[in-house]
Amino acid sequence: PASPVVLDSQTGEVLQVLPALHANAGGIAYNALKNQILLCDNGQLLALCGEAWQAVHYVPQVDMTRLRLSGCLEDGTYLYLTDEALVLRGTAPDALPNLRPLVVKGHGFNRDALPQFMQTHPEIPLILDDAFYTDIDALFAALQSGSTDVDVYLMPDYFGIWRLIDKGYAQELSSYPALQAEISRMNPKVQQAITHNGQFSALPISLFFDSWLLRPDLLQEAGYDHPPATLCEYFEMLGEWEANQSTEFDFAFHLTPSSDFGLKRYPCIRMAVDAYIAQYEQPNSPLSFDSEVFRQVLCAIEALHYPAENVDHALSQSPLFSRFTKPPEAIFTLNEWNPLRIGVFSEHPEQLIARPPFEIGQAPRSNASMYLAIINPKSLSKQNAADFLAYMAQHQAPDNLVALYPNANEAIEHAPTVASLKQQQQELATLRELQLVADEAHQANISDAIAQMEQNFARFEKNRFSITAESIAAYRQVEPAMYIPRDSLYWNLIPAQRDD
């Protein structure tokens, strides 16, 4: 939540602290006709009436970082401009449509598709709340009592959503043909995870598969002639690196999700536990860690001689690498949750691999996580909610499209880059025409401009695709290792319980 403030333009003094809004609120404007402040918040156009915000209209919600400008016309009409659209809304007392809005809570839908849906379906006003429900018991209570006005929830499966579905707190969706058609095209493992007794009550919106990135040239430069065949061998290689080679090279052995916080011992132990559960657990069967292969891995980690760590303290600190600070290159990147973007963020060739298994010859198995959408069974707008989910499924973000649908194997272009390429092609053609008729005094400048534009063109061409055909093919190679822990005693715990 964020609280806007009114400042004195001369002194900077805070004159008024306004009621809190969601973090994505924006598009602030001043309506001089009514001496009123207006802004957008999660699909609603709000006006400050006294000390409270009041909805005066609905708007296609967008990422407010894409907002170009916002303001009010003389007659009080509100407007905002983005790269995609100009939106105008009346602010008169009777401007608010007499329609029941669809309330959607959660984060993970394709944000480009949300305003498109609202433009395509003006009869379904959308109120979006990006906040998560982390208190699953409070969510159960709200759904059971009917005290919530939320129609659609979207949350990761590791937030206890399977418990919620199993208790009947999610509307059965198999009776909606459009949703049934989408599910039937998804990965069979995804279908199996969400289907119970031939029915399903959740729609997968995204899928994240835990895989690794290997940079073969760095592996060879460090003196290794093959990647690890088992997890124990991986930690033994790490031990050799720490003992003999860590200071010889300008790259790291590996990057983990905890590298941002300087943690070394914790991510190794955490990975060993998670990997063992993913590799060996079976539905409705006890899992013992008292095994030779797990002991071997623990011994290899112990041999690293990493000191004890205060994990809670480390994770509470600012990360070492921000979006403005590039992390070091590494032979391995572990827990790569965006495997379809290989080759985008590194200067070295990258290879997507599955996490090594515990035993030689064993098929690797790595856990995957989904974001799932459910409909409140007590919603008064079930059909609108189903129409909304069908639209979102049909307009997936590129990564989710490839991850969820095994037949989506064509490269996907990055639309803004393609538009820039077309513009540069036109400008380049114009410069070449000028070069043919320019006098000698201007030839050098035009030649320089053409050379610079050709360099830019090559750079843009390299990033033409959001997802390349090569990335998709590599993903399909490791996809058989994907494990969706639908009935896992461990993965169905809430995150705090798993950490303990």
Donor-acceptor pair, side chain of E329 and main chain of L218, under 3.5 angstrom:
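Side chain of E329 to backbone of L218, a donor-acceptor pair under 3.5 Å: no, none is there.
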Does the Q443 side chain pair with the main chain of A438, one donor and one acceptor, at a distance under 3.5 Å?
yes
Please walk me through it: do R215 and T333 pass side chain to side chain donor-acceptor pair (under 3.5 Å)?
CA-CA 9 Å; R215 297 172 183 88; T333 298; 3.1 Å; yes
Run the salt-bridge test on [X] and [Y] with the 4.0 Å N-O cut-off and return the result as yes or no.
X: R265; Y: E309; result: no
X: E427; Y: K422; result: no
X: R295; Y: E292; result: no

Given side chains that start at C-beta, do those of [X] and [Y] come closer than 4.5 Å, heavy atoms only?
X: R163; Y: Y169; value: no
X: Y276; Y: V293; value: yes
X: S211; Y: I353; value: no
X: Y306; Y: I301; value: no
X: L203; Y: M186; value: yes
X: I194; Y: L372; value: yes
X: N187; Y: L404; value: no

[atom1] of [X] to [atom2] of [Y]: how many Å apart, nearest 0.5 Å?
X: M155; Y: K105; atom1: CE; atom2: NZ; answer: 9.0 Å
X: Y158; Y: F208; atom1: OH; atom2: CZ; answer: 8.0 Å
X: L179; Y: I375; atom1: CG; atom2: CD1; answer: 6.5 Å
X: D157; Y: S369; atom1: CG; atom2: OG; answer: 4.0 Å
X: I205; Y: N110; atom1: CD1; atom2: CG; answer: 9.5 Å

Is it the case that the ring center of [Y] lies less than 6.0 angstrom away from the ring center of [X]?
X: Y483; Y: F209; value: no
X: F294; Y: Y280; value: no
X: H395; Y: Y391; value: yes

Intermediate values then yes/no, side chain to side chain contact (heavy atoms under 4.5 Å, CB included), N367 and R355:
CA-CA 10 Å; N367 48 292; R355 182 174 58 203; 3.6 Å; yes
Consider side-chain contact (heavy atoms from CB on, under 4.5 Å). Of L298, V297, I360, which one does C232 pass it with?
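That would be V297.
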Would the number of heavy atoms belonging to other residues, nucleotides or ligands and lying under 6.0 Å from CD of E410 be above 12?
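Counting other residues, nucleotides and ligands, CD of E410 stays at 12 neighbours or fewer.
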Over 12 foreign heavy atoms within 6.0 Å of CD, Q192:
no
Could you walk me through whether R365 and E281 pass salt bridge (Lys or Arg N to Asp or Glu O under 4.0 Å), step by step?
CA-CA 11 Å; R365 196 162 79 156; E281 84 168 337; 5.9 Å; no
Does one side chain, of Y234 or H254, offer a donor that lies under 3.5 Å from an acceptor on the other?
yes
Do S447 and Q435 get their side chains close enough for a donor-acceptor pair, meaning under 3.5 Å?
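Yes, because at least one side-chain N or O of S447 sits under 3.5 Å from a partner of the opposite role on Q435.
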Show the numbers, then the answer: is there a side chain to side chain donor-acceptor pair (under 3.5 Å) between N409 and R476?
CA-CA 9 Å; N409 293 313; R476 298 296 181 222; 2.8 Å; yes
Which label fits F253 and W241: parallel for a plane angle under 30°, tilted from 30 to 60°, or perpendicular past 60°?
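Geometry flag for W241 against F253: tilted rings.
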